[in-house]
2 protein chains.
Amino acid sequence: MQDRGQATSSENLLFLTDDQLRKGIEAMFFAYRGFTADPDRILENYAYGRAHHRAVHFINRAPGTTVNNLLDILGVTKQSLNRVLRTLVEDGLVEARIGNRDKRERHLFLTEKGRALEQELSKAQRKRMRAAYRAAGPDAVQGFRQVLEAIMDPGMRKLLNTMTDAG
Amino acid sequence: MQDRGQATSSENLLFLTDDQLRKGIEAMFFAYRGFTADPDRILENYAYGRAHHRAVHFINRAPGTTVNNLLDILGVTKQSLNRVLRTLVEDGLVEARIGNRDKRERHLFLTEKGRALEQELSKAQRKRMRAAYRAAGPDAVQGFRQVLEAIMDPGMRKLLNTMTDAG
DNA sequence: TTGGAAAGTCAACAAGACTGACATAAAATA
DNA sequence: TATTTTATGTCAGTCTTGTTGACTTTCCAA
C-alpha cells in the first residue's frame with residue numbers, strides 16, 4: 001500500500017495525507033490560471049497566443065538560442081514551434097540568423113519590437129508574482145520554489161538551473 | 001516606477017527582484033508540465049484529455065454539483081464543458097440527474113467506472129506531489145501553498161477555500 | 001399569462017497541439 | 001570521396017479544447 005501520510009514515529013507527516021495533496025493539486029490548478037491570465041489578456045490584442053509568449057520569453061532569456069534548443073525547453077514538436085516562429089519572424093518580432101560555425105542552425109534573437117512585446121507580457125506577469133511574493137514573504141517564496149523544483153521532471157530541473165546559472 | 005525589489009531600509013527585499021521573479025515564473029512553467037505529465041500519459045490510453053480529467057476531478061470532489069457550478073470552477077464556456085460531459089455520460093463515467101427542485105439543472109455524479117478513472121488519475125498525480133512534498137518538507141509546503149493562493153484571482157481563492165472547507 | 005432569464009444542447013469554427021512524410025543543406029563519418 | 005546523420009523547414013491531416021451563435025426547455029416574476 002502507498003504511504004498515505006500517517007505519522008509514523010515522532011515526525012508529523014500530516015502534510016502528506018491524500019487530503020493535503022489534493023488541496024495542493026487544486027491550488028496548482030487555480031494558481032496556474034491566474035499565472036497565465038494577465039499575459040493571455042494582453043496577447044488577445046496582438047492575435048498571438050500562449051505559444052507565442054513562451055517562445056518570446058525564452059528567446060529573450062537565451063538570445064541566440066537555436067531552434068533545437070528551444071524545442072527542448074518548450075517540449076513541443078518542431079512543426080508546432082515552427083508555426084509560431086514563422087509568424088513571429090514574419091511580423092518582425094524575431095530574427096533568425098544562420099549560424100557561423102554550423103550553417104544548418106538558426107540562432108534566434110528578439111528584435112526591438114519583439115523585446116517590446118516581451119517586456120509588456122513579462123511586466124504584467126511579474127506584477128502578479130511580485131504581489132504574491134510580497135504577500136507571502138521570503139520564507140514562503142523559498143518553500144514555493146523548492147516544491148516547484150521537486151515537482152518537475154529531473155530533465156526540466158536541470159534545464160531550468162542551467163539557464164538560471166547562465167542568466 | 002515599479003518596485004524592483006531593492007532593499008529599502010532594514011528589510012532584505014532581494015526576493016522581489018525581477019530576476020527572482022523570473023526564476024519563479026519559469027519554475028511555474030516547468031513544474032506545471034511535470035504536474036500534468038502523469039495524468040496526461042494515462043489519459044492517452046482512454047482517448048480522453050486534460051479537460052476530461054478536470055471534469056472528473058471536480059465532480060468527484062463535489063458530487064451532485066450542477067453544470068453551472070462546474071463552469072465557475074473550470075472557467076470555460078458551457079459549450080466546451082458540455083462536449084466533455086457528453087462523452088463522459090455516453091461512456092458511462094458520469095451520471096447527469098435532472099434536478100428535483102429545478103428541472104433545468106443537471107446534477108453530476110461519477111459512476112463506479114468514473115470513480116475508477118478518477119482514482120487512477122489522482123493516484124498518479126498524488127504520487128508525484130507526495131514525493132515533492134516529502135523532499136521539500138512541511139515548511140516548504142506551507143510556503144508553496146501560501147504563494148499559490150496569493151497568485152490566484154481572488155474569486156478562485158474563495159472558490160478553492162469554499163471547496164476545501166466543505167470537503 | 002406572458003416575457004425574460006437561466007440551464008443546457010447543437011453546430012460550426014479557430015488555435016495549437018500532434019503525427020507522418022518529405023526536402024534541403026551542412027556536418028560528420030566510414 | 002561517398003554515405004549517413006543532423007538541423008531545420010514544410011505540407012497535409014488529425015485531435016483536443018477552446019470559442020460564438022442559435023436554439024430548446026424550464027422557471028420565475030411582473
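The basis for the numbers below is simple: all heavy atoms, side chains too, and nothing from hydrogens, waters or symmetry mates. From a predicted model like this one, the values you see are computed outputs, not experimental measurements. Numbers restart at 1 for each chain; the letters A, B, ... are given by sequence-line order, proteins then strands.
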Point to revise | Those residues that, when tested against Asp139(B), pass salt bridge (Lys or Arg N to Asp or Glu O under 4.0 Å) (two or more places apart) | key: none
Could you list the donor-acceptor pairs under 3.5 angstrom formed by side chains in residues 141-155 of chain B, with sequence neighbours left out?
| from | atom 1 | to | atom 2 | distance (Å) |
| --- | --- | --- | --- | --- |
| Arg145(B) | NH1 | Gln20(A) | OE1 | 3.4 |
| Asp153(B) | OD1 | Arg128(A) | NH1 | 2.9 |
| Asp153(B) | OD1 | Arg128(A) | NH2 | 3.0 |

Practice item. Walking along DNA chain C from 5' to 3', note the first and the last nucleotide with an atom under 4.0 Å from a heavy atom of chain B, and give both. Key: dA5(C) to dA11(C)
Exercise for review: Apply side chain to side chain contact (heavy atoms under 4.5 Å, CB included) to Ala124(A) and list each qualifying residue two or more places apart in sequence or on a separate chain.
Suggested key: Asp38(A), Ile42(A)
**Study point:** Of all pairs that satisfy salt bridge (charged side-chain N to carboxylate O under 4.0 Å, His left out), the ones with a partner from residues 70-83 of chain B, not counting sequence neighbours
**Key:** none
Point to revise | Results of side chain to side chain contact (heavy atoms under 4.5 Å, CB included) for Ser122(B) - residues two or more places apart only | key: Glu118(B), Gln119(B), Arg126(B)
Check your understanding: So Phe58(A) and Phe29(B), would you call those rings parallel, tilted or perpendicular, with 30° and 60° as cut-offs?
Key -> tilted
Review point. Do any side-chain nitrogens or oxygens of Asn82(A) fall under 4.0 Å of OP1 or OP2 in dT10(D)?
Key: yes
Under 3.5 Å donor-acceptor pairs involving side-chain atoms of residues 84-95 of chain B, not counting sequence neighbours:
| from | atom 1 | to | atom 2 | distance (Å) |
| --- | --- | --- | --- | --- |
| Thr87(B) | OG1 | His52(B) | NE2 | 3.3 |
| Thr87(B) | OG1 | Val84(B) | O | 2.9 |
| Asp91(B) | OD2 | Tyr48(B) | OH | 2.4 |
| Glu95(B) | OE2 | Arg97(B) | NE | 3.2 |

Point to revise | Which residues share a salt bridge (Lys or Arg N to Asp or Glu O under 4.0 Å) with Glu26(A), sequence neighbours left out | key: Arg22(A), Arg61(B)
Check your understanding: What parts of residues 97-109 of chain B reach DNA chain C, counting only heavy atoms under 4.0 Å away?
Key -> Arg104(B), Glu105(B), Arg106(B)
Exercise for review: Could you list the residues that satisfy ring pair (Phe, Tyr, Trp, His ring centres under 6.0 Å) with Tyr32(B), not counting sequence neighbours?
Suggested key: Tyr32(A), Phe35(B)
**Study point:** Sequence-distant partners of His53(B), side chain to side chain contact (heavy atoms under 4.5 Å, CB included), two or more places apart
**Key:** Pro39(B), Leu43(B), His57(B), Leu121(B), Gln125(B)
Point to revise | Heavy-atom protein contacts under 4.0 Å, nucleotides 17-22 of chain D, coded B base, S sugar-phosphate only, - none | key: BBBBB-
